[in-house]
K.L.:
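Have a look at this one.
Below, chain A is the first sequence line, B the second, and so on; all start at residue 1.
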Amino acid sequence: MKEELFISGRHLEKIDPHLEIWEFPISLYLFLGGLAAGILIFSSIVVLLNKEDKFPSAARWTPILVPIAIVIGLLALIFDLSHKLYVWQLYTTIRIESPMSWGAWVLLIITPLSILWVFSYIRELFPRIDWKFSILYRFESFIKEHKKFLATLLIPLCIILGIYTGILLSAFNSRPLWNNAILGPLFLTSGLSTGAAAIILFSKSQYEKHLFSKIDILLIIIEIGLIIHMVMGYYAGSEAHINAISILMNGDFSFMFFVILMGLGLIVPLLLEVFELLGLKMSVILPALLVLIGGLVFRILMVEAGQLTRILY
Amino acid sequence: MRYVMVIDTLKCVGCSDCVVACQTENDVPFGYCRDWVTETVTGTYPHVEMELRSERCNHCENPPCVRTCPTGASHVAEGGIVVVTGNECIGCGACIESCPYDARYQHPEEGYVDKCTFCIHRVEKGLKPACVSVCPTRCMYFGDIHDPNSEVAKLLAERKYKVLAPEAGTKPRIYYLI
Ligand code: SF4
Ligand code: SF4
């Protein structure tokens, strides 16, 4: 039997008895980052394949969300900083070892690119927009001409962004629930899946909805597979890892994990999408909404639960 | 040069003088602390064993807090002392998350992240850290481990010791004599 107590009355607010430095804004930031990456990857692929007319939601409508999502995400991140006025210090150096640093730089590059992306076609959707200055019109046609180049640039950048949302957490070996190599690919998959769901939500074309439903089914299956893989990895790990995963399996977060994430966020939308493809009359909106909510819940779950886990000594 | 601290758990009586000395010396915000004392009791009555430990930042040789800091605010100073430059810190909390010993906190008024500095301002003047200098049982030792004639090097050569959570891979540099 081992008992441990602090006799000096240690009191570090937000650390004792439980670390709570990263709260909801960070979960939201990770979710929106993944969503933005997912949407832009699909949009770029559609453009590279010259299928813009067949997939109007993926190519044009949904990417409008991206700059908005990124800006809200960045504001959420800044909101969570405790020394906010110094946020510019992020851009005085690049530190490859620090995911927070290169993530901030990748976002700095993707944000203007995503705005350019939308800028290049927004007049096709809203013809009444008037740029006023001829230079802006010239700039618009310049971007249009180089759109494929932009797409080729965006795909790798967005893959990095999607993986970054996981690596930001997995880089900490002090929090065993975060410290696994699957989290990067897992959050990227989840980001792609929420991206596909958003495209379904904004699509009016039956053909497009169906194709993205199929893509989403595949992504959800991969995501479930990766989650099982992660859980199994924990059970094969050290005591700290086994303790960490038990918080999801039979601890404070198991309801959220099994019922909300696995059930409502993954399995139910998966079944609904499969039934729909089999010809049963179903709404495609509901599973898409569930996937989006599930994606956010997943980030909240990992951020909150991960901070409760630690290496015992 | 590599500063380390050696703490004799067999001499410590758990008076918490080190905690108070630090709070006074470093103007630690009210209700916070940079060092603390833990009491660990193991075994079943009547066969119990107790260990008292004065803990603080371990000034790790492989500090994850420095690695994950996006701005370089957390850095390794002269002698291996890990410190934070307040006006480079954005308060992102990455270093707090990355420390296996929970040795850091966000300063409640200033916003930047703060922790034990090994009293670098005293060490530069040739003094010992405040906690070491006030300990009534003299159970703490501070010095350069690379100097074979230093007190710390000699103690570590003679006595049995441990570090906390070596499996975290941070190479902590506070040694506990056991
Ligand atoms: S104990 Fe924590 S804060 Fe101190 S150097 Fe090690 S990881 Fe960094
Ligand atoms: S809170 Fe400050 S010291 Fe810690 S990682 Fe962020 S910028 Fe660096």
K.L.:
How long is the gap from OG on A:S238 to CD on B:E167, to the nearest 0.5 Å?
P.N.:
8.0 Å
K.L.:
Any idea which heavy atoms bring A:L12 and B:C33 closest together, and the distance?
P.N.:
CD2-O, 3.1 Å
K.L.:
For chain A, which of B:D35, B:N87, B:V20, B:V19 has the most heavy-atom pairs under 4.5 Å?
P.N.:
B:N87
K.L.:
Go through the atoms of B:C99 and report whether side chain, backbone, both or neither lie under 4.5 Å from a heavy atom of chain A.
P.N.:
backbone
K.L.:
Rounded to the nearest 0.5 Å, how far apart are CG of B:D102 and OG of A:S174?
P.N.:
8.0 Å
K.L.:
Taking all non-hydrogen atoms of both residues, which atom of A:R95 and which atom of B:R67 are closest, and how far apart?
P.N.:
NH1-O, 3.3 Å
K.L.:
Could you tell me which of B:P64, B:S54, B:G31, B:P108 has the largest number of non-hydrogen atom pairs under 4.5 Å with chain A?
P.N.:
B:G31
K.L.:
Do you know the tightest heavy-atom contact between A:I21 and B:G93?
P.N.:
CG2-CA, 3.8 Å
K.L.:
Can you name the one residue among A:H83, A:Q89, A:M100 that meets side chain to side chain contact (heavy atoms under 4.5 Å, CB included) with B:T71?
P.N.:
A:Q89
K.L.:
What is the distance from atom CD of B:Q106 to atom CG of A:L81, rounded to the nearest 0.5 Å?
P.N.:
9.0 Å
K.L.:
Which bit of B:R53 is near chain A, if near means a heavy-atom gap under 4.5 Å: side chain, backbone, both or neither?
P.N.:
side chain
K.L.:
Give, for atom CG of A:D80 and atom CD1 of B:I90, the distance between the pair rounded to the nearest 0.5 Å.
P.N.:
10.5 Å
K.L.:
Distance check, rounded to the nearest 0.5 Å: A:H11 atom NE2 versus B:F30 atom CZ?
P.N.:
9.5 Å
K.L.:
Of all the heavy-atom pairs spanning B:Y101 and A:R10, show the shortest one and how long it is.
P.N.:
O-NH1, 4.2 Å
K.L.:
Which bit of B:E55 is near chain A, if near means a heavy-atom gap under 4.5 Å: side chain, backbone, both or neither?
P.N.:
side chain
K.L.:
Would you mind checking which part of A:W105 comes under 4.5 Å of any heavy atom in chain B, side chain (CB onward), backbone (N, CA, C, O), both or neither?
P.N.:
neither
K.L.:
Return the CD to CZ distance between B:E97 and A:R175, rounded to the nearest 0.5 Å.
P.N.:
5.5 Å
K.L.:
Do you know the tightest heavy-atom contact between B:P70 and A:L90?
P.N.:
CB-CD2, 3.6 Å
K.L.:
Can you confirm whether A:Y235 is buried at OH, in the sense that more than 12 heavy atoms of other residues, nucleotides or ligands lie under 6.0 Å from that atom?
P.N.:
yes
K.L.:
Report, as yes or no, whether the 6.0 Å neighbourhood of atom NE2 on A:H229 holds more than 12 heavy atoms from other residues, nucleotides or ligands.
P.N.:
no
K.L.:
Test A:T93 against B:E88 for side-chain contact (heavy atoms from CB on, under 4.5 Å), laying out the working first.
P.N.:
CA-CA 11 Å; A:T93 159; B:E88 281 177 24; over 6 Å; no
K.L.:
If the contact rule is any heavy atom under 4.5 Å from chain B, which residues of residues 22-34 of chain A qualify, in numerical order?
P.N.:
A:W22
K.L.:
Which bit of A:L312 comes within less than 4.5 Å of chain B, counting heavy atoms only: side chain, backbone, both or neither?
P.N.:
backbone
K.L.:
Is it the case that atom CD in B:E61 sees more than 12 heavy atoms from other parts of the structure closer than 6.0 Å?
P.N.:
yes
K.L.:
Step through it carefully: locate the ring centre of A:Y86, locate the ring centre of B:Y112, and say whether they are under 6.0 Å apart.
P.N.:
no
K.L.:
Does any heavy atom of chain A fall under 4.5 Å from the side chain of B:T40, the backbone, both, or neither of them?
P.N.:
both
K.L.:
For atom CZ of B:R159, is the number of surrounding heavy atoms from other residues, nucleotides or ligands below 6.0 Å larger than 12?
P.N.:
yes
K.L.:
Under 4.5 Å, counting heavy-atom pairs only, tell me which of A:K84, A:E13, A:K14 racks up the most with chain B.
P.N.:
A:E13
